[in-house]
Engineer: 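Sharing a structure, written as structure tokens. Questions coming.
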2 protein chains.
Amino acid sequence: MSTRTGRPPKISRREIVTAALRVIEEDGTGALTMRRLAREVGSTAMALYHHVRDKEELLLLLLDDYAAAIPRPALPDEPRERMVAAAMAMHDAVSGCPWAVDILKADDLMSVGALWYPEQIVDAAVHAGLTIEEAVDVYRIIWHYTAGEIGGRAAARRRREEGGPTYRERVFAELDAEEFPRLSTVARRWEDLTARDTYAKGVRAIVNGLLP
Amino acid sequence: MSTRTGRPPKISRREIVTAALRVIEEDGTGALTMRRLAREVGSTAMALYHHVRDKEELLLLLLDDYAAAIPRPALPDEPRERMVAAAMAMHDAVSGCPWAVDILKADDLMSVGALWYPEQIVDAAVHAGLTIEEAVDVYRIIWHYTAGEIGGRAAARRRREEGGPTYRERVFAELDAEEFPRLSTVARRWEDLTARDTYAKGVRAIVNGLLP
DNA sequence: ACCTGAACACCGTTCAAGT
DNA sequence: ACCTGAACACCGTTCAAGT
């Protein structure tokens with residue numbers, strides 16, 4: 001029997017997390033401030049601190065909530081293909097919330113709700129003949145690659161939205177063909193060349209390069 | 001003959017950049033604020049805006065300066081080995097300034113001063129038999145992996161310095177062995193397993209996986 | 001041309017007080 | 001127990017004025 005006393009809560013963690021996800025979805029991760037979030041749940045910024053320790057804990061909650069909600073695809077049995085498929089599913093999941101990379105990378109591992117991906121990758125690697133230690137290495141290499149790819153793409157999009165010539169464009173426009181013979185031949189096509197999605201190609205290379 | 005008039009400058013771009021690098025070296029990238037930097041050069045925050053457009057341009061200048069100062073290693077002739085060596089040199093260079101990842105990734109390419117690395121990698125890839133388009137893909141995959149690895153390691157170090165149990169530690173302590181059979185067997189060794197430097201292993205895998 | 005001080009519009013977070 | 005308002009200690013940047 002619950003006999004807790006005191007003022008009944010006006011807002012819940014659930015409400016806060018839901019509102020936070022909505023804010024990010026609508027106005028991007030930069031818009032998620034404690035004050036904005038408070039306004040969103042009809043309260044004050046300081047009330048939030050009664051439900052989450054600080055902003056970092058909030059982001060962690062957010063991530064768990066988000067990750068747990070994503071459906072898990074059926075994976076092929078063959079270990080190689082299973083690793084690639086699990087990596088791509090992980091990539092898709094995190095692509096949906098690029099802000100998560102900044103939280104996740106701190107521990108080079110995902111939140112509870114997202115541990116399914118590393119579990120699958122490590123398990124498949126062991127089935128492919130690696131030791132558990134090697135399998136962990138493989139997972140981490142794949143994760144670093146995934147985090148780098150998503151981080152890069154998120155930053156590129158942000159830059160594109162801001163408009164105006166990027167630093168790279170300025171640099172590439174006056175590239176010295178003597179010093180950079182290869183880069184100068186692709187300078188004008190760089191935008192197109194780098195717009196292609198090469199994630200799968202990279203994952204396959206890593207998997208093929210690391211499995212016996 | 002220079003006949004420019006007006007008040008003579010008290011501070012120069014050079015001075016600003018040098019001071020900024022010193023601040024970062026001494027107190028980390030988080031300590032680099034316009035106000036702190038101004039104090040360091042004996043001026044006001046607002047005076048800085050007469051020499052750099054905004055903080056982003058300052059960071060770009062910083063990066064160029066830093067990258068240009070790094071000595072370039074001699075690379076082996078054999079294309080595969082050259083790619084690996086160039087990637088590792090790039091990794092070393094950027095490791096020295098993890099803050100650079102955030103600037104660089106926006107354009108998935110480096111500053112002028114650092115263009116040497118992609119040039120070498122792309123060139124070696126072409127010598128290994130790839131088309132220029134494929135070579136650019138390889139470079140980008142390597143770069144994403146490199147950025148992810150450095151970003152992850154920088155974040156891990158930051159976290160370690162802060163002390164206290166990480167989120168991962170808490171999660172791993174109560175990991176369900178039924179749901180995560182693989183991860184739970186390595187949970188207690190995770191710290192050690194992930195402390196190992198696997199960058200070279202990853203780069204070799206990518207190179208071997210992508211070259212014919 | 002270059003520098004300054006005051007001010008703007010923000011942050012995350014703490015603290016003492018209210019209900 | 002939960003919420004509030006005021007305040008602290010910051011940010012990057014703009015603007016009008018000085019030399």
Engineer: Centroid separation under 6.0 Å, is that true for the rings of A:Tyr139 and A:Tyr117?
Structural biologist: no
Engineer: Salt-bridge test for B:Arg188 and B:Glu169: reply yes if a basic N is under 4.0 Å from a carboxylate O, no otherwise.
Structural biologist: no
Engineer: Nearest whole Å is fine: how far is C:dC10 C1' from A:Leu32 CG?
Structural biologist: 15 Å
Engineer: In this structure, which stretches of DNA chain D are paired as stems of three or more consecutive Watson-Crick or G-U pairs, both distances less than 3.5 Å?
Structural biologist: C:4-8 with D:12-16, C:12-16 with D:4-8
Engineer: Quick one, which residues of residues 50-60 of chain A touch DNA chain C with a heavy atom under 4.0 Å?
Structural biologist: A:Asp54, A:Lys55
Engineer: Could you tell me how far C:dA9 sits from D:dA9 if I compare only their P atoms? Round to whole Å.
Structural biologist: 22 Å
Engineer: Only counting residues at least two apart or in another chain, list the ones meeting ring pair (Phe, Tyr, Trp, His ring centres under 6.0 Å) with B:His51.
Structural biologist: none
Engineer: Judged by each residue's nearest nucleotide on DNA chain C, which is more toward the 5′ side, A:Met46 or B:Ser43?
Structural biologist: B:Ser43
Engineer: Run through A:Arg189, A:Arg196, A:Lys201 and flag the one making a salt bridge (charged side-chain N to carboxylate O under 4.0 Å, His left out) with B:Glu133.
Structural biologist: A:Arg189
Engineer: Could you check whether the rings of A:Tyr199 and A:His91 sit parallel, tilted or perpendicular, using 30° and 60° as the cut-offs?
Structural biologist: parallel
Engineer: So, is A:Lys10 close to the D:dA1 phosphate, meaning a side-chain N or O under 4.0 Å from OP1 or OP2?
Structural biologist: no
Engineer: Atom CZ of B:Arg53 and atom CG of B:Leu58: how far apart are they, to the nearest 0.5 Å?
Structural biologist: 12.0 Å
Engineer: CZ of A:Arg39 versus P of D:dT4: gap in Å, rounded?
Structural biologist: 15 Å
Engineer: Counting only heavy atoms not in B:Arg204, do more than 12 sit closer than 6.0 Å to its CZ atom?
Structural biologist: no
Engineer: Would you say A:Thr44 places a side-chain N or O within less than 4.0 Å of OP1 or OP2 belonging to D:dC3?
Structural biologist: no
Engineer: If you pin A:Gly42 and B:Arg35 to their nearest nucleotides in DNA chain D, which one's is more 5'?
Structural biologist: A:Gly42
Engineer: When you check the gap from the basic side-chain N to the acidic O, do B:Arg170 and B:Glu174 get nearer than 4.0 Å?
Structural biologist: no
Engineer: Report the distance from atom CE of A:Met34 to atom C1' of D:dC10, rounded to the nearest whole Å.
Structural biologist: 17 Å
Engineer: I need the minimum non-hydrogen distance between B:Val203 and B:Ala87, along with the two atoms involved.
Structural biologist: CG1-CB, 3.8 Å
Engineer: What is the distance from OH of B:Tyr49 to C1' of D:dT14, rounded to the nearest Å?
Structural biologist: 9 Å
